[in-house]
Amino acid sequence: MVRIGIIGGSGIYNADTFEIIKKVYPDTEYGKPSDEILIGRIAGTEVAFIPRHGKDHRFPPSAVPYRANIKALRDLGVEIIISPCAVGSLREEYRPGDLVIVDQFIDFTKKRDYTFINDRTVHISIADPFCDDLAQIFSNAAEEMNIRYHDGGTYVCIEGPRFSTKAESNMFRNFADIIGMTVVPECQLARELGMCYCSLATVTDYDVWKDEPVDIQMVLRTMKECLSKITKLLETGLPRISEIRKCGCSDAPKDAGA
């Protein structure tokens with residue numbers, strides 16, 4: 001059984017940082033996950049890794065099998081999910097290359113599978129959707145490593161795969177700090193199963209509100225430049241995750257009567 005799962009880009013499991021033990025590709029009642037799950041070690045800590053969009057990036061944000069990914073990890077024993085991702089900035093002070101340890105989200109998606117529970121009405125409490133204990137671990141690690149980071153930020157999640165119009169980007173600036181396409185429903189599905197979830201977001205661009213065009217090459221280039229920072233952050237933070245969970249994330253399903 002593996003306690004910690006990572007959902008992110010394929011660069012996380014390069015041979016220099018990820019010691020692969022085995023690969024599994026399980027079936028779930030929601031289908032197959034995005035790709036094979038790699039079980040291995042980072043800095044001596046055992047983790048299960050899923051490339052969110054598949055190794056060949058075949059799943060756009062709207063088509064990622066979010067329920068299968070989360071359920072497959074839970075079936076392996078995962079209780080904690082760390083999610084490195086790329087985001088655009090809606091604030092001048094959130095600069096490209098910065099790390100944001102997300103603490104809130106706003107959902108502007110439209111056509112995803114948002115819940116595991118479709119046979120009855122269950123209201124999961126998600127006022128604080130991200131695990132405070134994990135956020136503290138990785139903010140401390142970022143501080144020690146002298147990484148420029150923001151301890152908190154509101155992530156507006158859009159459907160994608162297109163980027164925002166200028167009008168949309170300026171509207172979102174009234175409500176959020178960063179913008180992306182994947183934290184919903186990933187985060188809330190994890191909460192439904194009582195799992196801790198932490199989003200480590202790397203700012204890649206200023207969206208389009210600064211009249212600078214955004215394209216996928218810009219995003220990929222900045223993420224490649226920041227990859228070593230994220231892998232070192234994981235190497236520092238993962239061994240600090242306690243065996244005992246005190247945060248209360250695991251109580252959410254019980255409290256909702258799920």
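From a predicted model like this one, the values you see are computed outputs, not experimental measurements. All residue numbers in this chain count up from 1 along the given sequence.
- Side-chain contact between P185 and Y114 is present, with at least one heavy-atom pair separated by less than 4.5 Å.
- In terms of modelled atom types and a separation under 3.5 Å, the side chain of W209 and the main chain of S89 share a donor-acceptor contact.
- Here C196 contributes atom SG and I241 contributes atom CD1; the two are 9.0 Å apart, rounded to the nearest 0.5 Å.
- A 4.5 Å side-chain heavy-atom check between N69 and Y30 finds every atom pair outside the cut-off.
- Heavy atoms only, all atoms of each residue included: T154 and D103 are closest at N-OD1, 4.2 Å.
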Chi angles and distances behind the side-chain contact (heavy atoms from CB on, under 4.5 Å) call for I42, I6: CA-CA 11 Å; I42 296 177; I6 298 175; 3.8 Å; yes
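- Less than 6.0 angstrom separates the ring centroid of F172 from the ring centroid of F108.
- When side chains are defined from C-beta on, Y155 does not count as touching I106, because their heavy atoms never get closer than 4.5 Å.
- The closest donor-acceptor contact from the side chain of K229 to the backbone of G97 lies under 3.5 Å.
- Atom CG of L99 is separated from atom CZ of F138 by 10.0 Å, given to the nearest 0.5 angstrom.
- The aromatic rings of F18 and F49 lie perpendicular to each other, with more than 60° between the two planes, well past the 30° mark.
- C187 approaches P129 most closely through the heavy-atom pair SG-O, 3.2 Å.
- Contact check for F116 versus L189: side-chain heavy atoms found under the 4.5 Å cut-off.
- Taking CD from Q188 and CD1 from I70, the interatomic distance works out to 10.5 Å, rounded to the nearest 0.5 Å.
- Tracing side-chain contacts under 4.5 Å through hydrophobic residues (I, L, V, M, F, W, Y), one reaches F59 starting from I50; they form part of the same cluster.
- Across D177 and G153, no two heavy atoms sit closer than the pair OD2-CA, 3.4 Å.
- Residues R3 and E79 are paired through a salt bridge, judged by an N-O separation under 4.0 Å between the basic side chain and the carboxylate.
- Dense packing is recorded around CG of N174, with more than 12 heavy atoms of other residues, nucleotides or ligands lying under 6.0 Å away.
- F175 places none of its side-chain heavy atoms less than 4.5 Å from the side chain of V156.
- Without hydrogens or angle criteria, T231 side chain to L227 main chain gives a donor-acceptor distance under 3.5 Å.
- With rounding to the nearest 0.5 angstrom, the CD1 atom of I21 is 7.5 Å from the CD1 atom of I39.
- Using a 4.5 Å cut-off between side-chain heavy atoms of Ile, Leu, Val, Met, Phe, Trp and Tyr, with links allowed through other members, I101 and I230 fall into the same hydrophobic cluster.
- Here the OG atom belonging to S164 is positioned 4.0 Å from the CG atom belonging to D207, to the nearest 0.5 angstrom.
- Smallest separation of non-hydrogen atoms from E93 and R148: O-NH2, 2.9 Å.
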Candidate pair S62 and K111, rule side-chain contact (heavy atoms from CB on, under 4.5 Å), full reasoning: CA-CA 7 Å; S62 295; K111 55 177 185 178; 4.1 Å; yes
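- Annotation: side chain of L73 is not in contact with side chain of L193 (no heavy-atom distance under 4.5 Å).
- Going from atom CD1 of I179 over to atom CZ of R91 covers 11.5 Å, rounded to the nearest 0.5 Å.
- Partner of I4 under the side-chain contact (heavy atoms from CB on, under 4.5 Å) criterion, chosen from V78, I81, V47: V47.
- At least one side-chain heavy atom of L76 sits under 4.5 Å from a side-chain heavy atom of I37.
- Ion pairing between E235 and R240 fails under the 4.0 Å rule for side-chain N and carboxylate O.
- Y25 and K32 make their closest contact through O-NZ, 2.6 Å (heavy atoms, listed as atom of the first residue, atom of the second, distance).
- For D35 and R58, the salt-bridge test passes: some basic side-chain N is under 4.0 Å from an acidic carboxylate O.
- Both I137 and I147 are part of a single hydrophobic cluster, where members link through side-chain heavy atoms under 4.5 Å apart.
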Step-by-step salt bridge (Lys or Arg N to Asp or Glu O under 4.0 Å) determination, E36 to K55: CA-CA 9 Å; E36 290 180 318; K55 284 181 288 189; 3.4 Å; yes
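- The two residues R112 and I158 make their nearest non-hydrogen contact at NH2-O, 3.3 Å.
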From CA spacing to verdict: side-chain hydrogen bond (donor to acceptor under 3.5 Å, both in side chains), S139, Y149: CA-CA 8 Å; S139 63; Y149 78 101; 4.9 Å; no
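- Remark: K232 NZ is loosely packed, at most 12 non-hydrogen atoms of other residues, nucleotides or ligands lying under 6.0 Å away.
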Residue pair I124, T115: steps toward the side-chain contact (heavy atoms from CB on, under 4.5 Å) verdict: CA-CA 10 Å; I124 294 287; T115 181; over 6 Å; no
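- A donor-acceptor pair shorter than 3.5 Å cannot be found between the side chains of Y66 and T182.
- Between E168 and R162 there is a salt bridge, since at least one side-chain N of the basic residue sits less than 4.0 Å from a carboxylate O of the acidic one.
- You'll find the side chain of V184 reaches within 4.5 Å of the side chain of F105, heavy atoms only.
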side-chain contact (heavy atoms from CB on, under 4.5 Å) between R52 and C85, worked out: CA-CA 10 Å; R52 179 183 287 112; C85 63; 4.3 Å; yes
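- Between N140 and Q136, the side chains place a donor N or O and an acceptor N or O closer than 3.5 Å (distance only, hydrogens not considered).
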